[in-house]
J.: 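The structure's right below; bear with me while I get my questions together.
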Protein chains: 2
Amino acid sequence: MADPKRTRNTQQRQRILRVIQAAGCHLTAREIHRRVGQNGRAIGLATVYRALEAFARAGLVESASLGGRAIRYGLAAEHHDHVVCLECGKWQPLGRCPAPRAPRGAAPGFRVTGHRLEFFGYCEECR
Amino acid sequence: MADPKRTRNTQQRQRILRVIQAAGCHLTAREIHRRVGQNGRAIGLATVYRALEAFARAGLVESASLGGRAIRYGLAAEHHDHVVCLECGKWQPLGRCPAPRAPRGAAPGFRVTGHRLEFFGYCEECR
DNA sequence: CAGGTAAGTGAGAATCTTTCTCACTTCGCG
DNA sequence: CGCGAAGTGAGAAAGATTCTCACTTACCTG
Ligand SMILES: [Mn+2]
Ligand SMILES: [Mn+2]
Ligand SMILES: [Zn+2]
Ligand SMILES: [Zn+2]
């Protein structure tokens, strides 16, 4: 089989990953870009997207999205789901995953590699 | 308490809803816009978005999103989840919802009004 | 049914997010 | 070192969604 395209360990990616690790929550590409720019010279926004794509391919980060808001990225060390407030947009990880590994009796021939589960509603302050 | 902002039954919204009902799957705002324009005079794209927002508020339609792709809208008469192919983007509804009504032992004080569950992986042709 | 009014509409601009292009740089491997 | 592929930066481009504002229309009242 073909070589899995190899990926380099550049300074930009190190800085980007450090920001993601330091964050206690999921960040948008723009937020990551801004934070990286605060600890040193700014990097291109496209570079952030490319790095996130590479990290996601490598299984290092996970992405999640809701409504029209931007996609958020965070460490994917262990799978988890989220609870999102429809009013203030607050985002909380769930301790345990309540979804089954794969849907029962679903699309035949489909190989499930993962899932994304988001509960939405209203947080304590917004309800 | 204040009157819940009332919503009007305009010709545009009727046409939009008809398109959504006729579709066998979830559509993007742009797709809906195009289809509506095919059975009569075109309507504004912003009107489509406003109608979808109103329908969603009213619980008539549900939205779902994956990755950077556009949000898709479909009838929410009955809740259902999806299976999405990471390669070709194909989108399939699931017959039964495998997720619990609410996460166990999750965010305290959070009122869950719904959820979105997407299984992803590779469809028969793409694996 | 006529009139008043607030919700809705259309066209286009504006915002945002994400992707792409291309010349230039750097990492990783001899 | 020295090469070649992967990565980068700046900006353009592509899309998606929202906003503005003058104009229209559904719907309630009398
Ligand atoms: Mn998370
Ligand atoms: Mn899960
Ligand atoms: Zn909230
Ligand atoms: Zn596929």
Side-chain angles (χ1 to χ4, degrees), chain A residues 2-20 26-37 39-58 60-74 86-87 89 91, chain B residues 2-20 26-37 39-58 60-74 86-87 89 91:
Chain A
D3 272 352
K5 190 198 229 183
R6 70 174 58 141
T7 145
R8 286 185 194 167
N9 185 22
T10 65
Q11 307 207 328
Q12 287 89 339
R13 294 193 174 176
Q14 288 171 22
R15 294 173 63 196
I16 290 169
L17 191 53
R18 227 175 293 134
V19 162
I20 295 174
H26 286 48
L27 305 174
T28 65
R30 183 167 293 279
E31 286 167 348
I32 293 169
H33 177 251
R34 187 161 42 72
R35 294 192 187 194
V36 169
N39 345 329
R41 184 181 157 185
I43 69 180
L45 179 56
T47 296
V48 173
Y49 278 104
R50 280 182 297 235
L52 290 172
E53 188 186 340
F55 292 157
R57 252 199 326 268
L60 255 181
V61 313
E62 63 159 16
S63 67
S65 62
L66 177 78
R69 295 198 184 84
I71 301 173
R72 307 190 82 91
Y73 301 85
L86 292 170
E87 181 61 28
W91 193 275
Chain B
D3 274 352
K5 190 199 230 181
R6 68 176 56 147
T7 144
R8 288 185 192 168
N9 185 21
T10 66
Q11 306 207 330
Q12 287 87 341
R13 293 193 175 177
Q14 289 171 21
R15 294 173 63 195
I16 291 169
L17 191 54
R18 228 175 293 135
V19 162
I20 296 174
H26 286 47
L27 305 173
T28 65
R30 182 168 295 277
E31 287 167 348
I32 293 169
H33 178 250
R34 187 161 43 70
R35 293 191 188 195
V36 169
N39 346 330
R41 184 181 158 187
I43 67 179
L45 180 56
T47 296
V48 172
Y49 278 104
R50 280 181 298 233
L52 289 172
E53 188 187 340
F55 292 156
R57 251 200 327 268
L60 256 180
V61 313
E62 62 158 16
S63 67
S65 63
L66 177 79
R69 296 199 183 83
I71 301 172
R72 306 190 82 92
Y73 301 85
L86 293 170
E87 182 61 27
W91 193 276

J.: Once you round it to whole Å, what is the distance between P of D:dT24 and CD1 of B:Ile43?
T.: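 Whole-Å distance recorded here is 18 Å.
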J.: Would you say a side-chain N or O of B:Thr7 is under 4.0 Å from OP1 or OP2 of C:dG8?
T.: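 Checking C:dG8 against B:Thr7, a side-chain N or O does come within under 4.0 Å of OP1 or OP2.
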J.: Rounding to an integer number of Å, can you tell me how far B:Ile71 CD1 sits from C:dT18 C1'?
T.: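 Value for this atom pair: 14 Å.
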J.: Check B:Leu45 against B:Ala29 and note the closest heavy-atom contact, atom names and distance.
T.: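 Taking every non-hydrogen atom into account, CD1-O, 4.1 Å.
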J.: Write down the distance between CG (A:Asn9) and C1' (D:dA5), rounded to a whole number of angstrom.
T.: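 Taking CG of A:Asn9 and C1' of D:dA5, I get 16 Å after rounding.
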J.: Report the C-alpha separation of A:Phe55 and A:Leu17 in whole Å, then their side-chain angles, then the decisive distance to 0.1 Å, and conclude whether the side chain to side chain contact (heavy atoms under 4.5 Å, CB included) test is met.
T.: CA-CA 9 Å; A:Phe55 292 157; A:Leu17 191 53; 4.0 Å; yes
J.: Do the non-hydrogen side-chain atoms of A:Gln14 and A:Arg18 ever get within less than 4.5 Å of each other?
T.: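 Counting from C-beta outward, A:Gln14 and A:Arg18 do come under 4.5 Å.
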J.: Under 4.0 Å between a side-chain N/O of A:Gln12 and OP1 or OP2 of C:dT26, yes or no?
T.: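 For C:dT26, OP1/OP2 do not have a side-chain N/O of A:Gln12 under 4.0 Å.
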J.: Specify the residue among A:Thr10 and B:Thr28 whose closest nucleotide of DNA chain D lies further upstream toward the 5′ end.
T.: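 It is A:Thr10 whose nearest nucleotide is closer to the 5' end.
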J.: Salt-bridged, B:Arg57 to B:Glu53, with N to O below 4.0 Å?
T.: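 Counted as a salt bridge, because a side-chain N and a carboxylate O are separated by less than 4.0 Å.
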J.: What is the distance, to the nearest angstrom, from the CZ atom on A:Arg34 to the C1' atom on C:dC16?
T.: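 These atoms are roughly 15 Å apart.
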J.: Report yes if at least one side-chain N or O of B:Arg41 is closer than 4.0 Å to OP1 or OP2 of C:dG10; otherwise report no.
T.: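 For C:dG10, neither OP1 nor OP2 has a side-chain N or O of B:Arg41 closer than 4.0 Å.
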J.: Quick check: closest heavy atoms across B:Ile16 and B:Val36, and the distance to 0.1 Å?
T.: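 Looking at all heavy atoms of both residues, the closest pair is CA-CG2, 3.9 Å.
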J.: Return the angle between end axes of the helix from C:dC1-D:dG30 to C:dG30-D:dC1, with five pairs used per end and rounding to 10°.
T.: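 Angle reported: 50°, given to the nearest ten degrees.
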J.: Testing B:Thr47, B:Val48, B:Ile43, B:Ile20 one by one against B:Arg15 for a side chain to side chain contact (heavy atoms under 4.5 Å, CB included), which residue passes?
T.: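 So, applying the side chain to side chain contact (heavy atoms under 4.5 Å, CB included) to B:Arg15 and each of B:Thr47, B:Val48, B:Ile43, B:Ile20, only B:Ile43 qualifies.
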J.: Do the non-hydrogen side-chain atoms of B:Leu52 and B:Ile71 ever get within less than 4.5 Å of each other?
T.: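 Side-chain contact under 4.5 Å: no.
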J.: CZ of B:Arg72 versus P of D:dG15: gap in Å, rounded?
T.: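 Computing the B:Arg72:CZ to D:dG15:P distance gives 15 Å.
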J.: A:Arg50 near the nucleic acid: base, sugar-phosphate alone, or nothing, with a heavy-atom cut-off under 4.0 Å?
T.: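 Base contact.
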J.: Look at all strands and tell whether A:Leu45 reaches a base, only sugar-phosphate, or nothing, counting heavy atoms closer than 4.0 Å.
T.: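 The residue A:Leu45 makes base contact.
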J.: Among D:dC27, D:dA6, D:dC19, which nucleotide has an atom closest to any side-chain atom of B:Arg8?
T.: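 The closest nucleotide is D:dC27.
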J.: If you compare every side-chain N and O of A:Tyr49 against the phosphate oxygens of C:dT19 (OP1, OP2), does one of them come in below 4.0 Å?
T.: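 For A:Tyr49, the contact criterion (side-chain N or O under 4.0 Å from OP1 or OP2 of C:dT19) is not met.
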J.: Between B:Glu53 (CD) and D:dT18 (P), how many Å, whole number?
T.: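 B:Glu53 atom CD is separated from D:dT18 atom P by 7 Å.
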J.: If you compare every side-chain N and O of B:Arg30 against the phosphate oxygens of D:dA16 (OP1, OP2), does one of them come in below 4.0 Å?
T.: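 For B:Arg30, the contact criterion (side-chain N or O under 4.0 Å from OP1 or OP2 of D:dA16) is met.
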J.: Between B:Arg13 (CZ) and D:dT25 (P), how many Å, whole number?
T.: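 So the CZ-P distance, B:Arg13 to D:dT25, works out to 15 Å.
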J.: Quick one: A:Glu31 CD to C:dT18 P, roughly how many Å, whole number?
T.: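 That distance rounds to 11 Å.
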J.: May I ask you to evaluate whether A:Thr47 reaches the phosphate of D:dG9, defined as a side-chain N or O under 4.0 Å from OP1 or OP2?
T.: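 Indeed, a polar side-chain atom of A:Thr47 lies that close.
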J.: Please report the shortest heavy-atom distance between A:Glu31 and A:His26, naming the atom on each side.
T.: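 Smallest heavy-atom distance, with atoms named: OE1-O, 4.3 Å.
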